[in-house]
Structures are given as C-alpha cells and as structure tokens.
Amino acid sequence: MIPHNTLGYLPETPSQTAGPYVHIGLIPKQAGFDIFENNLGETLLGPDTQGERIRIEGRIFDGTGALVRDALVEIWQADTHGRFNHPADRQDGPRDETFRGWGRTGTDFESGLWCFETIKPGRIAGRSGHHRMAPHINVWIVSRGINLGLATRLYFGDEATANAEDPVLRVIEQPDRRKTLIASHALREGRPVYTFDIRLQGEGETVFFDV
Amino acid sequence: MTADSEFVARDPAAHPPALTPIYKTSVFRAPHRPLLSLQNSLSEVTGPAFGQHELGPLDNDLVHNYAKADGAPIGERIIVHGRVLDGSARPVSGVLVEFWQANAAGRYRHRNDNYDAPIDPNFGGCGRCLTDAEGRYAFRTVKPGPYPYRNRVNDWRPAHIHFSVFGSGFAQRLITQMYFEGDPLIRHDSILQTVTDPAAQERLVALLDLNASVPLHTLAYRWDIVLRGTRSTLFENRLQGN
C-alpha cells in the first residue's frame, strides 16, 4: 500500500485541509456536543503551574481582511524555565513537571477571537553556536481552505532585548516582517494580555515557517 | 526520538500547495509569501505526549461512544486500522491519533452543517486512540456517506474520514483525510486534487482488508500513515544539549 521510493524511504502521507468541521474531532464542544470525558488541550494551567500567568489572544484574517472564524489553533511552548516537557530537551536546570505546554482552541464563530490562558515561557537554548532563543510560543493553524497546517511563532512585545538576539527572528531578512511575530503587551484588570493577530495573506502577512 | 536527531525536511511534493484554485476557499487563505525555512530547534523536535489514562474506554469505538443505551448508529459497520510510521519505516508508537467524520447519510454533527440529511441520534462522529508499540491504531465506526459542499455548483465529497496525528515532535503534526478504495467520487473530488501527484493521492486511499474483517459482522479497511522521518547522528549543527 505504501510504495517505497528510492533508498527505502517512505514518502510522507499528504496533508489535507482540516475542513469546516474540524471542531467535531478536536474540540467537539464548539461543534455543539459533549462526547469525551476529557477534552484534550482545553487548559494549560494547573494549580501548581509555575511562572507568570498570562493571556494570549488574537484573531486571524484572510487575504480580503475578513475574519477566519472556523480555524483551529494549537500552541506548544516551554515552561517558565525555558524547558519543554519532552525527552529531547536535555537542557540543564529545573523543569516544571506539572506543565505540558500544549493547548488547542478554535476561533470564535462570531468574534473570530482565539485565546489561551497560559504562562510566559522562559528563554530556550538555540541550536549549537547560536544565541538562546527569546521566549516564544509555537502556533499551528489549520482550517477550511488551509491545505497544510501553518506554523508560526508568537514572540513577546516586552522582550525587546531577547527578541533582538533571537536566532529565528534574525533569519527573517526584512525587519518589518519580524514585527508580524511580536505580540503586543497590555494590562487588563492588572493581568498581562498579549495580542497576536495573524494575517494569512497580503499586506502585513504573518511570517509562516517551513519547520 | 532522542535529542541527537532532527526531522528531515518536509517533502513539498508530497503535500498540496497552499494556493489551489480548484479548491476555492484556499485562494484567500493561502500565504502569498514563501514559507521561511528553519532548521529544527528544540521547539520543533519536541511535542506533546499523551497517556492512555487521558482517554475513555469507548473513545476508539464510534459505534458505541455516542449511542443511546438501546440504540446503534445506522450504516455499514467498519473497522479502520493501520500503522503510523516515519519516513524510515519505523513505527511511531504512543502517539495520539484522532478522527472525525460524517454519519452514514453524509451529515456532520456540527452546529454549522445544515445539509438536508438526517442527524443520527446514535452517532457522534469522532474518536481517538494511541498507537501501540508497533505504531498500530484501530477504531470501529460506520462508513461515512458522501455529501455536497459549496465549491463548484455540483461538488460532492467522496466518503472520507478526517485524521489528526501527532508525532514525537511538533514539526510532524499532520491533519489529513482518508478515502475508501473504489469510491467513484474520488476522481471528481476537488480537495483530493489539491494533491497534484497521483501517487501521493493514492496514499490517501484505504484498501479493503478482508483479513481484518469480522466474519458475519464487520468489514475492515487498512490505511497506513507516514510522518516525516528523523535524521540522526549529526556531525554539525548539533542541537543544544548533545
């Protein structure tokens, strides 16, 4: 069934759009029904989660400037110490064992808003010979009309020094395009909120990565 | 995966391009600028892991996981099974596989689906499981029906099941769709045709697997999923911590 190409490697399974009803499988409550006892990715925070609690939120716009109100957004991030909850992270130092660092949600069918309550991650080791990466959250978007999930990163607007050293931001040739990855910082009722709007196409198009 | 391996680059020829005018919704949702190619960092080689304790006992049985006590979904009962492998043909074990689909009449249990076909009171249409040590997954369901959708005036989706798969690292994340061998709508499907390579299209089609069927009860289909492989033992540009 899987044809072998040269050298015995298997070719990848192609991606297909998640479609308009992605909610059914991944966030069924938004589709309008309750089926699983445990809805994965609903909350990132537990009572013992270490670090500064923040809210990140934003909207997604298509090439006409219209809201994308049927997208699924997933995030993957390090803990407050800059450690990922994964065996491939062999950085030294403490790790918050209570923090998985992964969440998923849908853009709201009316407002188009997505949001997560999480913690601000620490700085993370870069590839060997590179600066440490600035605190960031990996963002992955799928929806109707998106044929292959789009990967981007949310960086923090109040981390100018770390952002200036970040080896990934520095790979972006045009300084103006780097700004598309910087979430703006504000306080709402005393709590930090970072706003990260994503533009799929056209003016101000968000930088997406082939990772 | 260990810290001294990273993923081989995604093969763009295996996937649909972002802009596929045959599937009209893609036209305003496709980035116009090229993706920025990044070498893997810890952000890409790591990813979430899930445990069996997070899943319910009926999560991989769509015939029963939404059925009322004395009810059962209408439709052709099937088993769908296969393996999740990486590009080096190694099993990807312990990863979360999620699936969702229309009911046998082609109707989704979703507040935005208003297709004129009945909702099945005994069918939710979603499930999930973890792959075993050999990368195997399996679930029971009813075969979904085809349905029309707004693209061209008379576009119909072939019967299909949506799949979401995690690998060991977030860069392997994949969402796709599985089709059924012999479905005459396959060759008319605009969404399958966003994949331009016919051989790649074939890789999305499950084959009837009589050997895995339950005699006098349930037919089976087999479909394997291949995620990007890893490249190990780096001599240069080693990830931090090696």
Side-chain angles (χ1 to χ4, degrees), chain A residues 1-3 9-21 23-26 28 31-33 35-38 40 62-64 68 76 84 86 88-91 100 102 124-128 133 138 140 142-149 168 171-172 200-202 205 207-211, chain B residues 1 3 11 14-16 18 20 25-26 28-33 35-38 41-48 54 56 66 85 87 89 98-100 108-112 124-126 162 164 170-171 173-177 191 194-195 200 203-204 207 224-226 228 237-241:
Chain A
M1 185 163 82
I2 296 171
Y9 292 117
L10 300 179
E12 285 174 66
T13 298
S15 171
Q16 291 267 269
T17 177
Y21 307 128
H23 317 85
I24 294 173
L26 306 187
F33 66 110
I35 183 167
F36 297 131
E37 202 168 303
N38 179 21
L40 298 171
D62 74 10
T64 73
V68 176
W76 170 243
F84 287 101
H86 189 282
D89 184 338
R90 295 204 226 132
Q91 298 176 88
R100 171 144 68 190
W102 171 78
I124 303 153
R127 291 172 64 87
S128 182
M133 294 189 282
N138 302 289
W140 190 70
V142 293
S143 82
R144 179 175 66 101
I146 294 179
N147 290 328
L148 174 65
V168 170
V171 166
I172 304 169
L200 297 180
Q201 182 188 94
E205 183 176 305
V207 172
F208 297 105
F209 296 110
D210 170 28
V211 289
Chain B
M1 192 181 74
D11 174 10
H15 299 285
T20 48
T25 317
S26 74
F28 291 115
R29 294 187 170 191
H32 281 174
R33 292 174 170 78
L35 302 180
L36 188 74
S37 293
L38 279 190
S41 73
L42 283 174
S43 277
E44 289 78 37
V45 300
T46 60
E54 298 182 84
Y66 201 74
L85 303 168
E98 298 162 289
F99 16 87
W100 67 99
Y108 284 98
R109 183 175 288 280
H110 191 288
R111 64 175 90 233
N112 295 343
C126 59
H162 297 264
S164 162
F170 207 49
R173 193 81 181 79
L174 181 72
I175 280 184
T176 186
Q177 302 181 31
I191 287 177
T194 62
V195 178
R203 298 201 295 274
L204 294 176
L207 301 182
D224 290 347
I225 299 166
V226 180
R228 299 159 63 182
N237 296 323
R238 296 172 73 93
L239 296 172
Q240 179 74 27

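Hydrogens, waters and symmetry mates play no part in the numbers below; they use all other heavy atoms, side chains included. In this text, all values refer to a predicted model and were calculated from it rather than measured experimentally.
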Would you mind reporting whether A:Ile35 and B:Cys126 have side-chain heavy atoms less than 4.5 Å apart? yes
Engaged part of A:Phe84 at the chain B interface, taking heavy atoms whose separation is under 4.5 Å: side chain
Any idea which heavy atoms bring A:Gln16 and B:Leu204 closest together, and the distance? CG-CD1, 3.7 Å
Can you confirm whether B:Asp11 sits close enough to A:Pro11 that some side-chain heavy atom of one is under 4.5 Å from a side-chain heavy atom of the other? no
Spell out, as yes or no, whether a donor-acceptor pair under 3.5 Å connects the side chain of B:Ser41 to the backbone of A:Arg127. no
Do A:Leu200 and B:Arg29 come close enough that some side-chain heavy atom pair is under 4.5 Å? yes
Residue pair B:Ala200 / A:Pro14: nearest heavy atoms and the distance that separates them: O-CG, 3.3 Å
Rounded to the nearest 0.5 Å, what separates atom CZ in B:Arg173 from atom CG in A:Asn138? 13.0 Å
Residues in side chain to side chain donor-acceptor pair (under 3.5 Å) contact with A:His23, at least two apart in sequence or another chain: B:His110
Decide if atom CZ of B:Phe28 counts as having more than 12 heavy atoms of other residues, nucleotides or ligands within a radius under 6.0 Å. no
Rounded distance (nearest 0.5 Å) linking atom CG of B:Leu35 with atom CZ of A:Phe208: 8.5 Å
Gap separating the CG atom of A:Leu10 from the CZ atom of B:Arg228, nearest 0.5 angstrom: 15.0 Å
Assert top hit (heavy-atom pairs under 4.5 Å, partner chain A, pool B:Ser26, B:Ala14, B:Pro31, B:Ala171) equals B:Pro31
Under 4.5 Å from a heavy atom of chain A, the part of B:His32 involved: both
Is it the side chain or the backbone of A:Ile24 that comes within 4.5 Å of chain B heavy atoms, both, or neither? both
Under a 4.5 Å heavy-atom cutoff, which of A:Val207, A:Asn147, A:Leu148 has the most pairs with chain B? A:Asn147
Region of B:Ala18 in contact with chain A, defined by heavy-atom distances below 4.5 Å: backbone
Atom group of A:Arg100 that falls short of 4.5 Å from chain B, counting heavy atoms: side chain
Which answer fits B:Ser43, side chain, backbone, both or neither, if we ask what part of it has an atom under 4.5 Å from a heavy atom of chain A? both
Less than 4.5 Å apart, side chain to side chain, heavy atoms only: is that true for A:Leu26 and B:Trp100? yes
Shortest non-hydrogen contact between A:Asp210 and B:Ser37, atoms and distance: OD2-OG, 3.2 Å
Taking every non-hydrogen atom, the tightest pair across A:Met133 and B:Leu42: CE-N, 4.3 Å
Minimum side-chain heavy-atom gap B:Thr46-A:Trp76 below 4.5 Å: yes
So, do B:Ile175 and A:Trp140 sit near enough that their side-chain heavy atoms are less than 4.5 Å apart? yes
Where the side chain of A:Glu12 meets the backbone of B:Gly87, is there a donor-acceptor pair that is under 3.5 Å apart? no
Looking at chain B, which one of A:Ala31, A:Gly149, A:Gly63 has the largest number of heavy-atom pairs inside 4.5 Å, strictly under? A:Ala31
Identify which part of B:Thr194 has an atom lying under 4.5 Å from any heavy atom of chain A, answering side chain, backbone, both or neither. side chain
